[in-house]
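Report on the following structure.
Reckoned from all heavy atoms, side chains included, excluding hydrogens, waters and symmetry mates.
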Amino acid sequence: MSVSVEKLEKSMVKLTIEVSAEEFDKAINKVYNRQKNRMNVPGFRRGKTPRKVLERMYGATIFYEDAANDVINSTYPDSAKESGEDIVSNPEIEVVQIEAGKPFIYTAEVAVKPPVSLGKYKGVEVERQDTAVSEEEVDAEIRKEQEKNATKSEVTDRPAQNGDEVVLDYEGFMDGVPFEGGSATDYPLLLGSGSFIPGFEDQLVGVQPGDVLDVNVTFPENYHSKDLAGKPAVFKCTVKKITEKILPELDDAFADEVSEFDTLAEYREDVRKNLKERKESSARSIHENQAVQKVVEDAHVEIPEAMLRTQQEQIFGELEQQIVSQGMKVEDYFKYAQTTRERMIENMKDEAERRILYRLVMEQVAKEENIVATDEDFEAELQKMAESYRMDIETIRKYFGDRKESMLEELAVQKAISFVTDHAVEVEKKEAPAEEKAESEETEA
């Protein structure tokens, strides 16, 4: 086997791969041996018809297509390595020569990593994030824990109010006729939650157990059911029970119940510490995203179409795995989403481009700064994975040992991202222009 490389435009190359006539004939013979049992020829027992007889009957090229596929599949990976090119796409194969007694020749057009021209990657500006923790935030976090540990008590001595849970039967009518999906029995509704049609819960404030009332509402214009959207309806309701939420007292006993601490003061301090760590982690993540985004935006890369298409197909492959893991057939998913494989792959173009740009630019940063991942980094990553999967490290090494090179590349990219983030400069957040602030306030209102 021999490989020659021809450089093309836009980071594409053409590999010409030549396989000896002897090797191709061996491939034909393998195909013949696979298929001969399926061919019934008068005068011969099934599976005993000589290859030359079959070739005379059906044509000399009867086994060529399958043999060519076998040869390409078995020789392309080694040919790609032998070429020395950094190939980043699936090959576009074309058979050049396929003839008895002659070498089998085919070409593979592939994309290679394009050159990356970096702009500024040290000292890019990121917005300073507020990581201070206020007393109000600590109170809110403790309030969540209070809510988790709340108990319910039936209300008998007062009308229902916001925050109470009302258990009711209801049936909805439109123009005096019940509509589908508009009724329920023993339905628990938290007043003030906003989970029902606007105005519904408000009309239940003040009711008492045993009350029977009509609740008049109008469905929102954007309601999911077009038959109901924008139309008035009446719900005939029967109130069966009202319960209120009883929050536990905020004292040392509460702290002892919900945490490892004996006093409320210690518990508050731990809540503050955890909030601080979360804010700092979030700030780091935001800084990282902002820094990398600016470095990518300031770099210049021309992504070959073949590389982009291959990345799109990889992303689609990830989605396919998710669909199958959820017990759904991919074809059924297409029907449900009213789309096709090609349309979905096309819709993944922006994400594919983003992934490629981030990877290529960070690889170039690593190259410029001589950033590499070491064997120690690899071992540390295996240890993290072992702890995450709760497996012993030797088992993890067995699974991922043959992926060491790709994992080292990924670790080097992560180091480059950390380098860019660590060398970024914090600046105060810029105030939005007055016009934008006014529009934002109008939208919120």
Side-chain angles (χ1 to χ4, degrees), residues 133-255 257-259 264 267-268 271 275 437-445:
V133 177
S134 67
E135 290 300 315
E136 291 75 17
E137 289 172 312
V138 175
D139 290 341
E141 199 69 13
I142 293 176
R143 172 80 179 190
K144 289 179 188 176
E145 200 62 39
Q146 263 189 304
E147 295 281 351
K148 289 180 189 176
N149 289 272
T151 57
K152 289 182 180 179
S153 175
E154 188 169 352
V155 175
T156 58
D157 58 350
R158 63 167 176 78
Q161 60 189 27
N162 277 331
D164 289 341
E165 183 180 88
V166 175
V167 178
L168 70 157
D169 298 342
Y170 65 80
E171 185 173 16
F173 295 82
M174 190 169 289
D175 296 327
V177 179
F179 57 85
E180 186 178 354
S183 63
T185 302
D186 293 331
Y187 189 89
L189 177 60
L190 181 63
L191 300 187
S193 65
S195 58
F196 257 41
I197 306 158
F200 190 104
E201 294 168 27
D202 294 342
Q203 295 175 58
L204 292 176
V205 173
V207 299
Q208 299 198 46
D211 284 356
V212 177
L213 70 157
D214 289 348
V215 173
N216 295 278
V217 296
T218 299
F219 283 92
E221 294 291 342
N222 61 348
Y223 195 67
H224 60 83
S225 173
K226 293 181 180 179
D227 293 338
L228 303 176
K231 295 179 181 178
V234 177
F235 285 86
K236 296 187 178 298
C237 302
T238 301
V239 180
K240 302 176 85 171
K241 188 167 77 169
I242 302 169
T243 59
E244 64 178 333
K245 190 184 298 181
I246 308 296
L247 297 176
E249 289 291 328
L250 288 181
D251 52 21
D252 291 347
F254 171 76
E257 178 71 26
V258 302
S259 74
L264 184 62
Y267 174 54
R268 283 187 66 88
V271 169
L275 284 172
K437 288 180 72 176
E439 288 178 9
S440 175
E441 289 170 0
E442 287 177 11
T443 302
E444 290 176 3

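- Expressed to the nearest 0.5 Å, how far NZ of K148 lies from CZ of R143 amounts to 14.0 Å.
- The side chain to side chain contact (heavy atoms under 4.5 Å, CB included) check on T156 picks up E154, with sequence neighbours excluded.
- What you find for L191 and N162 is that their closest heavy atoms are C-OD1, 3.6 Å.
- Side-chain contact between L264 and D251 is absent, with no heavy atoms from C-beta onward closer than 4.5 Å.
- Looking at residues two or more places apart in sequence or on another chain, you find a side-chain hydrogen bond (donor to acceptor under 3.5 Å, both in side chains) between E244 and R158.
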**Study point:** Full working for salt bridge (charged side-chain N to carboxylate O under 4.0 Å, His left out) between K144 and E147
**Key:** CA-CA 5 Å; K144 289 179 188 176; E147 295 281 351; over 6 Å; no

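- With a 4.5 Å cut-off on side-chain heavy atoms, V215 and Y170 do not count as touching.
- The number of heavy-atom neighbours closer than 6.0 Å to CD of Q208, taken from other residues, nucleotides and ligands shown, is above 12.
- In this structure, CG on D214 lies 8.0 Å from SG on C237, to the nearest 0.5 angstrom.
- For V258, the side chain to side chain contact (heavy atoms under 4.5 Å, CB included) criterion is met by E145, N149, F254, Y267, not counting sequence neighbours.
- A150 and K245 make their closest contact through CB-CG, 3.3 Å (heavy atoms, listed as atom of the first residue, atom of the second, distance).
- Residues R268 and D139 come closest through the heavy atom pair NH1-OD1, 2.9 Å.
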Identify each donor-acceptor pair in which a side-chain atom of residues 178-188 lies under 3.5 Å from a protein atom, sequence neighbours left out, and give them as a table.
residue, atom, partner, partner atom, Å
D186, OD1, K240, NZ, 2.6

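- The heavy-atom pair separating I242 from V239 by the smallest distance is CG1-CG1, 4.2 Å.
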With a cut-off of 3.5 Å and sequence neighbours excluded, list every side-chain donor-acceptor pair involving residues 216-227.
none

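- Of all heavy-atom pairs between A255 and S259, the closest is O-OG, 2.6 Å.
- Shown here for K152 and T243, the closest heavy-atom pair between the two residues is CD-OG1, 4.2 Å.
- For residues 145-167, no pair satisfies ring-ring contact (aromatic ring centres under 6.0 Å, His included), with sequence neighbours left out.
- Side-chain atoms of L213 and L204, non-hydrogen and from C-beta on, do get closer than 4.5 Å to each other.
- Heavy-atom contacts from other residues, nucleotides or ligands closer than 6.0 Å to CG of D175 number 12 or fewer.
- To the nearest 0.5 Å, atom CZ of residue F200 and atom CG of residue L189 are 6.5 Å apart.
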Practice item. Walk me through it: do E201 and V166 pass the test side-chain contact (heavy atoms from CB on, under 4.5 Å)? Key: CA-CA 10 Å; E201 294 168 27; V166 175; over 6 Å; no

